Each structure stands twice: as C-alpha cells, then as structure tokens.
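Here the structure is a predicted model, which is why all the values come from computation and not from measurement.
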There are 2 protein chains.
Amino acid sequence: MTSVEEPARPNGRIRDAARTRAEILDVATQEFARAGYDGARVDEIAARTRTTKRMIYYYFGGKEQLFTAVLERSYGVIREAEQGLDVEHLDPVAAIRRLAELTFDHHEAHPDFIRLVSIENIHGAEHIAGSEKLGRIGSPALDVIRRILESGRESGLFTADVDAVDLHAMISSYCFFRVANRHTFGALFGRDLVDPAQREHYRSMLGDMVIAYLTADRATG
Amino acid sequence: MTSVEEPARPNGRIRDAARTRAEILDVATQEFARAGYDGARVDEIAARTRTTKRMIYYYFGGKEQLFTAVLERSYGVIREAEQGLDVEHLDPVAAIRRLAELTFDHHEAHPDFIRLVSIENIHGAEHIAGSEKLGRIGSPALDVIRRILESGRESGLFTADVDAVDLHAMISSYCFFRVANRHTFGALFGRDLVDPAQREHYRSMLGDMVIAYLTADRATG
DNA sequence: TAGCTAACGTACTGGTTCGTACATTAGTGA
DNA sequence: TCACTAATGTACGAACCAGTACGTTAGCTA
C-alpha cells in the first residue's frame, strides 16, 4: 500500500501515468475496504483522487478489474513482508513463535487488507481465481514454516506430525479473526480484541497456543 | 433458520402473517449471505418468496431493518444450540474438547450465518449495535466455558490461567476462519479447508490445539 | 517546432433499484 | 351479515450509478 505523495505542482494537470494509476489504487483500496465490493462507488473513488472516473476505466477497464488490481497489490505487500522473514537462525521453537508474532503484527497493521480478503471470500474468491498473478500464489511463509517444522521434528522438540499448510491456517485464523471480527465480537461481548492495551496479551497467547500444540504429548485428551 | 413448509393451498392468496414474515426472512438470509448487504437485491428477495416486495416494507420497514432481523434470527439459532450444550458431566478436558467440537460442527453446518457475520463486520457491526435484541447479547457457551475452566483449574488439570472470553475467541477463530476464508485459502493454497474427507482431521486438530494450550507447561518457548 | 499520441476531462445515458402511492381482498368481531 | 382492519397486490417514480461518446491537451520525438 505504497502511498502517493508528490510535490504536487500548484496548477493545471500534470501527466504522470504511474502516479495517477497508483493514486487510483490507493483510494480504491480504502473505498473497497470501507464499503465492500458492491457498496464501493466508482464515482467516490474518482472524487477522492486528483483525476476523474474516466481514468479508472482508462487504466483498469472497470470496477471488477479495479478490485482485482487492488487485491493483487495487497497480496503483493504481504508476500514482500514474508519474503523478508528472517527467523531460521533461531531454534525451532523460537522461530515458530517469531513467525507467529510477525503474522500477528502484519494482520494488525493492515486491517484494510483483512477486509478485502473478507470481501473477496463473500464473492467466492472469483477475482483471485480470475487473476493470473494470484492463482495458487501460495505464500513465502509456507516454505519457512516447512523448514522450521522439519528441523523441529528432527531435533525432537516437536512431537506433533503437523503439516505446514495446516499450521499456517491455524496461525492465520487467530490473527485474522481478531481483526476481521473485531466489530461483532466487540458488540456482542463488550471486549475490543484490538485494544492496544491487550495487544501483548493476545500476541503471546498466540505463541503459547502454537508452541503448546507443537510440543504437546498427544496422549492427553 | 427454520424453513417454512406448509401444505400450500393451490390457488389464491392465503392470509398468514407469520408464514409470510418467516418466508421473507428465509429468503433474505440466503440472499444477503449470497451477495452481501449492498449486493443483495430487495426485488430478488421478493421474487423468491410467494409474496411481493410490498410485504417486505410492510413487515420490516426497509432493507436495513430486514438485514437486522436476519441477523437477529441467525444469532438466535446459535444461542439456542449453545443453550442445549450438555458437557458439564464430563471431566474438564473432555468437556472443553466436546465444546470445541460442537462449535466446529455448528460453524460448518451454518455457512450462511458465517457469511452474515463477515458481512456485518464489513459494516462495522452497526446493525448489531442498533438492535435491542443483539447488543451485548453474549453467548451461553461463555458461561459453560467459565465453569469448565474453573473446575479444570481446581483439579489442577489446566495449568494456564485462561480467560473464558479469550478461549471462546480462540475456538471461534479457528472454526470461523475455516468456513469464512475457505475460498481465498483454497484459491491461494489449493487446499479446501471444508473438504469432507479432511473434516475429522481438522476437527481433532482443533481439540488438540485447545487442550494442549490449556494443559501446557508455560515455561517452554 | 510540428505533429503525434498517451493521458486526461466533461457531459451524458441507460439500466437498475430502493421505496411508495394507491387499490384490493381476506378474515374477524359485533 | 356487515363493517372494519390487517394483509396483500400493482404500478410507478426518482435517485443512483456503472460505463461511454466525444472532445482536449501535455509532452515527447523526429
């Protein structure tokens, strides 16, 4: 979500395809996240850029393709963050905890992305399915998880024979729910899951949960 | 989601306020879950009932209030299910596992409800906030969790000093994510989280996770 | 510097969609 | 059985909104 900030010469139009495109994407991300796909207004997006609706159709073709472009960029951001993951110098337990915490942090830092994913799920992930960039894109974090799990199993620290994708789902579900369902959860239980004062509590709870699962003696229960 | 099925006398209109109201709610639930709040079409809802759009406005007042009514009924269903919870005769570990499994089952059995909750979160839970029936409704499951946790702590089975609401969030997040994010997860990782063949796997994984967390020695990690 | 094209703006349209004015009838109680 | 009201149907309007036809200009290049 690289934001566009330029000296902005005072008057008249300046030609800058890249800036215009990026600005449309920025505003569209906010608008789609705010109101959902059908609730988002192309006119509103246009009004909040320094350009016009015409340009949205010029660059993206239509509302649908614009939403796909917004998704593609948002997933690109998380991919980049995951590519920078540097936890494999840690011992497996610490590495997994650190990975979980980074996932936690990223979700918290990008609520718009979480909303976009929720919206995309309402629509059956049809935009992802129709995108060349996104189909079966996977996640760099998965490879990291795979390697940590392997070394954890080898060293005997992890008792469970856990699949990397499953563990990724487990971590993601916790991080995702906390942000995505913040509003209904708060309204029903009177507790803000994203309360900054509770941040550390929820963050360590995630690590505790994952580590407990990976190191548990499966005889119990 | 009590579905309406009556002998349906062949011709002419029958006056049945309750049936008409319930039928509208049934169809509206499907339509809102299908397309989201803004994507849902009042005309479409009307067309799929045995009555007309006029009746939607007669009984509910408008699209917004109809959505609120749909939410109220859906939450009512889950409340009822939770009220029937009968796990306290089990030992704490088995009771928690059973509770988690029932949550798992309910989420899987009511994907429309999950979608409605996702949609309501996109809209900041404003309908719940504006509903007398739903504000701070809480959840019967919470009381059950509270009691199980207490007895588990007393008997020394649970090492962790866990809050009931937090544990409820933990269980819910796993169950919710699996259904709500099924589509994006499937599109990105090529794995269907709701694949019936994997159902038992994910169900026991949830129980293992929760029990491991509750019985773990917090020194690790 | 002429001319060409990518980039941009304006104004409009056609279909959609929530909501309602008005007319009607089924069933009930006096 | 008559009248009254809750329940229902029809037809329409007005606003909204995605998308486009058409015209304009900035800036590069030959």
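The side chain of Tyr57(B) lies closest to dG19(C), out of dA7(C), dA18(D), dG19(C). Of the candidates dC22(D), dC18(C), dG19(D), the closest approach to any side-chain atom of Lys53(B) belongs to dC18(C). Proximity note for Lys63(A) (side chain, C-beta onward) versus dA7(D), dA7(C), dA18(D): the nearest is dA18(D). Distance from the side chain of Arg54(B) is smallest to dA21(C) among dG9(C), dA21(C), dA18(D). Picking from dG19(C), dA7(C), dA7(D) the nucleotide with the shortest atom distance to the side chain of Met55(A) gives dA7(C).
The separation between Arg19(B) atom CZ and dA6(D) atom C1' is 15 Å, rounded to whole Å. Counting to the nearest Å, the P atom of dC17(D) and the CG atom of Asp38(A) are 12 Å from each other. Separating the CG atom of Asp16(A) from the P atom of dA7(C) is a distance of 10 Å, rounded to the nearest angstrom. Taking atom OH of residue Tyr58(A) and atom P of nucleotide dT5(C), one finds them 12 Å apart after rounding to whole Å. As rounded to whole Å, 13 Å separates atom C1' of dT13(C) from atom CG of Asp43(A). Residue Glu23(B) contributes atom CD, which lies 13 Å from atom C1' of dT8(D) at whole-angstrom precision. Atom P of nucleotide dA7(D) and atom CD1 of Ile56(B) are separated by 16 Å, given to the nearest angstrom. A straight line from CD1 of Ile45(B) to C1' of dG19(C) spans 14 Å, rounded to a whole angstrom.
No hydrogens or angles were tested; on distance alone, nothing pairs the side chain of Arg15(A) with the base of dG27(D) as donor and acceptor under 3.5 Å.
Put simply, Arg41(A) has no side-chain N or O that comes within less than 4.0 Å of OP1 or OP2 on dC16(D). Applying the 4.0 Å criterion to OP1 and OP2 of dT8(D), one finds that Thr20(B) has a side-chain N or O inside that range. Residue Thr52(B) places none of its side-chain N or O atoms closer than 4.0 Å to OP1 or OP2 of dT10(D). In this structure, Thr51(A) does not reach the dA7(C) phosphate: none of its side-chain N or O atoms is under 4.0 Å from OP1 or OP2. Tyr59(A) has no side-chain polar atom (N or O) that falls below the 4.0 Å cut-off from OP1 or OP2 of dA6(C).
Ring planes of Tyr37(A) and Phe32(A): parallel class, angle under 30° (limits at 30 and 60°).
Nearest heavy-atom pair across Ile96(B) and Leu214(B) is CG2-CD1, 3.8 Å.
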*Evaluate the side-chain hydrogen bond (donor to acceptor under 3.5 Å, both in side chains) criterion for residues Gln198(A) and Arg191(A): first the C-alpha distance (whole Å), next the side-chain angles of each, then the deciding distance (0.1 Å), finally the verdict.*
CA-CA 10 Å; Gln198(A) 295 298 311; Arg191(A) 183 173 302 191; over 6 Å; no

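Here the OG1 atom belonging to Thr29(A) is positioned 12.5 Å from the CZ atom belonging to Arg115(A), to the nearest 0.5 angstrom.
Nucleic acid contact for Ala46(B): none, since no nucleic acid atom lies under 4.0 Å from a heavy atom of the residue.
Taking the six-membered ring for Trp, His168(A) and Phe189(B) have ring centres closer than 6.0 Å.
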